[in-house]
A.B. asks: 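Just passing along the structure, written as structure tokens.
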Amino acid sequence: MASLSTWMRMFRTGFILLRYDALLPEETAHLLPPLPRALAAILRSLFAKKTKLRPGERYAVAFQHLGPAFIKLGQVLSTRGDIFGQAFITDLAHLKDNLPPFSHAVAEASVIEALGKPVDQIFSHFGEVIGSASIAQAHEAVLLDGRKVAVKILRPDIEAVVAADIAMMSLAARIVAFAFPSARRLEPVAFVGAVAQSLLLELDLRLEASACDEIGKIINAEPWMRAPKVVWHQVARRVLVTEWADGTPLSRPEALTLPGLDHKEVADNLIRAFLSQALDHGAFHADLHEGNLFIAAPARLTAIDFGIIGRLRPKERRYLAEMLWGFLRRDYKRVAEVHFEAGYVPRTHNVDSFAQALRAVGEPVLGQKATEVSMGRLLTQLFEITAQFDMHLRPELVLLQKTMVSVEGVARRIYPEHNLWEAARPVVKDWISRELSPVVEARRIFEKLVSRLRTDDEEEVRSRAVVDIATLQIVARQGRTFGMVALVVSVLSLAVLVWMAVR
């Protein structure tokens with residue numbers, strides 16, 4: 001049962017959004033049916049401030065008043081100029097790293113309390129704020145050994161603010177699920193749960209240090225992106241020190257006018273870095289907006305702020321790769337089949353009908369420049385298809401979907417004619433070649449067979465072995481050079497069966 005303070009916070013949130021005309025904005029009133037349109041007009045006349053601010057400016061001010069959860073929402077919206085317009089995202093841009101900072105004295109006190117030493121015993125220089133976000137702010141500093149570093153410090157009392165935000169969002173989600181049955185397929189309660197978990201993890205900078213170290217090793221081993229190293233002996237729950245990230249913050253206007261910058265390669269590198277993390281390693285930076293990216297000519301990207309990390313299990317990575325590969329080859333039937341295999345579409349629907357719907361989505365988009373694709377119309381079509389085929393939101397994919405939206409929007413801003421599909425092709429093709437080749441499939445089936453032989457009854461083993469061996473032979477025939485694989489595996493399987501029979 002929600003507390004009175006949670007109800008009050010929700011009413012306050014609604015009032016602030018109304019106050020800045022960001023709940024039912026006048027600019028979108030014409031999209032509403034007559035009765036809700038009239039109600040919205042009455043509410044605006046009663047509560048909305050008279051202002052000359054543009055819609056994006058009103059949302060930015062409202063989100064800033066409402067705190068971390070809404071600021072995160074604003075950061076995602078600010079990556080989609082292709083949907084909301086350039087003026088809107090420009091007005092939201094300061095939500096990325098230019099929020100009002102807390103004082104230098106409070107920052108120093110936080111460092112002393114967290115690390116247990118005076119600031120001058122850790123740093124030869126502890127500078128002013130270089131970026132202030134919803135949950136923490138960063139300072140430039142120099143360690144006693146001469147290394148330039150960034151010091152991230154949590155905002156005072158941020159834990160209580162986030163806890164209140166989560167309680168309010170959870171209450172709102174339950175109300176939506178109860179009052180609007182048509183919205184239940186979007187799993188509002190599970191969605192808020194996924195967002196809440198990611199927010200809570202951001203409140204312990206020791207966990208961010210661990211994520212930065214883990215994902216950083218993945219990123220730095222590949223050519224697409226770089227990540228700073230953690231200064232482990234200067235890490236605490238509320239303070240994190242990392243080596244300095246070179247380059248210009250992508251959130252600054254001058255970032256895209258740097259001399260010698262290859263815009264297309266930078267956009268490609270961003271897409272490939274994200275997909276490589278998700279597909280090859282199952283762990284990815286899940287907050288890749290412009291405020292967390294630094295850029296340098298000709299095409300160097302550096303990621304910071306690893307507070308939100310997404311993870312995919314092997315099964316989910318395989319589904320993602322197969323769906324992307326199917327779209328790249330325009331094999332809509334296979335894309336549809338993968339959706340059914342993954343359980344994303346209920347089996348009460350028809351695979352061929354879903355493939356037909358996917359073709360209607362894919363054909364106008366594939367091979368087109370970003371400037372020739374209306375993302376607003378595409379998202380509307382996708383939403384209609386998910387409703388038509390009773391597709392529910394998947395909580396385990398929330399961070400993946402949110403990051404894909406942000407990354408694709410950032411890539412479009414870097415290079416407006418960017419082709420997402422061509423950028424994705426080499427990463428997805430390599431993954432498919434490596435993970436779904438006949439030899440790999442044969443090895444997996446054989447390993448599964450041996451495992452069963454060790455644990456199952458003999459009669460069950462024999463029946464399953466016949467099926468597995470037949471499957472191996474079919475897989476092996478997919479390439480001319482794999483005939484020997486089928487023979488060898490069949491002989492080995494037969495030998496194991498004989499051993500089981502005589503032991």
Side-chain angles (χ1 to χ4, degrees), residues 96-98 101-133 135-156 158 201-252 255 258 269 273 277 281 283 285 287-288 291-309:
K96 293 165 187 170
D97 58 7
N98 292 319
F102 52 90
S103 71
H104 196 273
V106 170
E108 287 194 352
S110 297
V111 170
I112 294 169
E113 182 181 359
L115 301 181
K117 295 180 182 179
V119 171
D120 59 7
Q121 291 185 19
I122 305 171
F123 308 105
S124 61
H125 169 71
F126 185 75
E128 297 299 324
V129 177
I130 55 173
S132 182
I135 288 178
Q137 69 184 33
H139 292 252
E140 177 185 350
V142 178
L143 294 173
L144 295 179
D145 62 11
R147 282 183 291 170
K148 189 177 181 180
V149 294
V151 183
K152 183 174 181 178
I153 307 169
L154 290 183
R155 286 183 173 274
I158 190 62
L201 290 176
E202 286 195 81
L203 299 180
D204 189 337
L205 296 184
R206 295 168 298 187
L207 298 180
E208 179 175 340
S210 178
C212 182
D213 187 67
E214 176 190 358
I215 306 297
K217 288 177 179 176
I218 293 170
I219 290 175
N220 291 329
E222 296 176 342
W224 322 117
M225 188 181 279
R226 288 290 175 265
K229 294 181 179 179
V230 176
V231 181
W232 274 108
H233 60 285
Q234 305 296 355
V235 172
R237 187 176 66 83
R238 296 184 58 83
V239 173
L240 166 63
V241 179
T242 63
E243 293 185 350
W244 188 255
D246 291 323
T248 302
L250 192 53
S251 55
R252 293 183 183 171
L258 295 173
N269 284 348
Q277 293 167 43
H281 305 282
H285 190 311
D287 202 16
L288 286 172
N292 288 339
L293 290 167
F294 286 66
I295 190 171
R300 194 177 73 212
L301 280 169
T302 301
I304 63 167
D305 195 350
F306 291 78
I308 305 178
I309 296 299

A.B. asks: Could you walk me through whether E222 and H281 pass the side-chain contact (heavy atoms from CB on, under 4.5 Å) test, one step at a time?
C.D. replies: CA-CA 12 Å; E222 296 176 342; H281 305 282; 3.1 Å; yes
A.B. asks: Within this structure, what is the CZ-CH2 distance for the pair R206 and W232, rounded to the nearest 0.5 Å?
C.D. replies: 10.5 Å
A.B. asks: Walk me through it: do L115 and Q234 pass the test side-chain contact (heavy atoms from CB on, under 4.5 Å)?
C.D. replies: CA-CA 7 Å; L115 301 181; Q234 305 296 355; 3.5 Å; yes
A.B. asks: Before you tell me yes or no, could you show the steps for W244 and E140 under side-chain contact (heavy atoms from CB on, under 4.5 Å), namely the whole-Å CA-CA distance, both residues' side-chain angles and the distance that decides it to 0.1 Å?
C.D. replies: CA-CA 8 Å; W244 188 255; E140 177 185 350; 3.8 Å; yes
A.B. asks: Would you please name every residue forming a ring-ring contact (aromatic ring centres under 6.0 Å, His included) with F126, sequence neighbours left out?
C.D. replies: H104, F123, H139
A.B. asks: Under the 3.5 angstrom rule, does the side chain of R238 hit a backbone N or O of R155 as a donor-acceptor pair?
C.D. replies: yes
A.B. asks: What pairs with H125 under ring-ring contact (aromatic ring centres under 6.0 Å, His included), at least two apart in sequence or on another chain?
C.D. replies: none
A.B. asks: How long is the span from the CD1 atom in I219 to the CD atom in Q277, to the nearest 0.5 Å?
C.D. replies: 4.0 Å
A.B. asks: I need the minimum non-hydrogen distance between P228 and C212, along with the two atoms involved.
C.D. replies: O-SG, 3.5 Å
A.B. asks: Quick one: closest heavy-atom pair of I112 and P118, and the distance?
C.D. replies: CG1-CA, 4.1 Å
A.B. asks: Can you name the closest pair of heavy atoms from A211 and I309 and give their distance?
C.D. replies: CB-CG1, 3.4 Å
A.B. asks: In Å and rounded to the nearest 0.5 Å, what is the CG to NZ distance from L143 to K148?
C.D. replies: 12.5 Å
A.B. asks: What distance do T248 atom OG1 and L293 atom CG have between them, rounded to the nearest 0.5 Å?
C.D. replies: 12.5 Å
A.B. asks: Side chain of N220, backbone of A227: donor and acceptor closer than 3.5 Å?
C.D. replies: yes
A.B. asks: Identify each donor-acceptor pair in which a side-chain atom of residues 299-306 lies under 3.5 Å from a protein atom, sequence neighbours left out, and give them as a table.
C.D. replies:
residue, atom, partner, partner atom, Å
D305, OD1, K152, NZ, 2.8
D305, OD1, G307, N, 3.4

A.B. asks: Applying side-chain contact (heavy atoms from CB on, under 4.5 Å), run through E202 and I308 and close with a yes or a no.
C.D. replies: CA-CA 7 Å; E202 286 195 81; I308 305 178; 3.3 Å; yes
A.B. asks: Is there side-chain contact between V151 and V239, with heavy atoms separated by less than 4.5 Å?
C.D. replies: yes
A.B. asks: Would you give the length of the straight line joining atom CG of L154 to atom CD of E208, rounded to the nearest 0.5 angstrom?
C.D. replies: 8.5 Å
A.B. asks: Could you report the tightest heavy-atom contact between V149 and V142, atom names first, then the distance?
C.D. replies: CG2-N, 4.4 Å
A.B. asks: Testing the basics here: between S124 and L144, what is the closest heavy-atom pair and its distance to 0.1 Å?
C.D. replies: N-CD2, 3.7 Å
A.B. asks: Rounded to the nearest 0.5 Å, what separates atom NE2 in H285 from atom CD1 in I215?
C.D. replies: 9.0 Å
A.B. asks: Would you name the heavy atoms of L258 and I295 that are closest together and state the gap between them?
C.D. replies: CD1-O, 3.8 Å
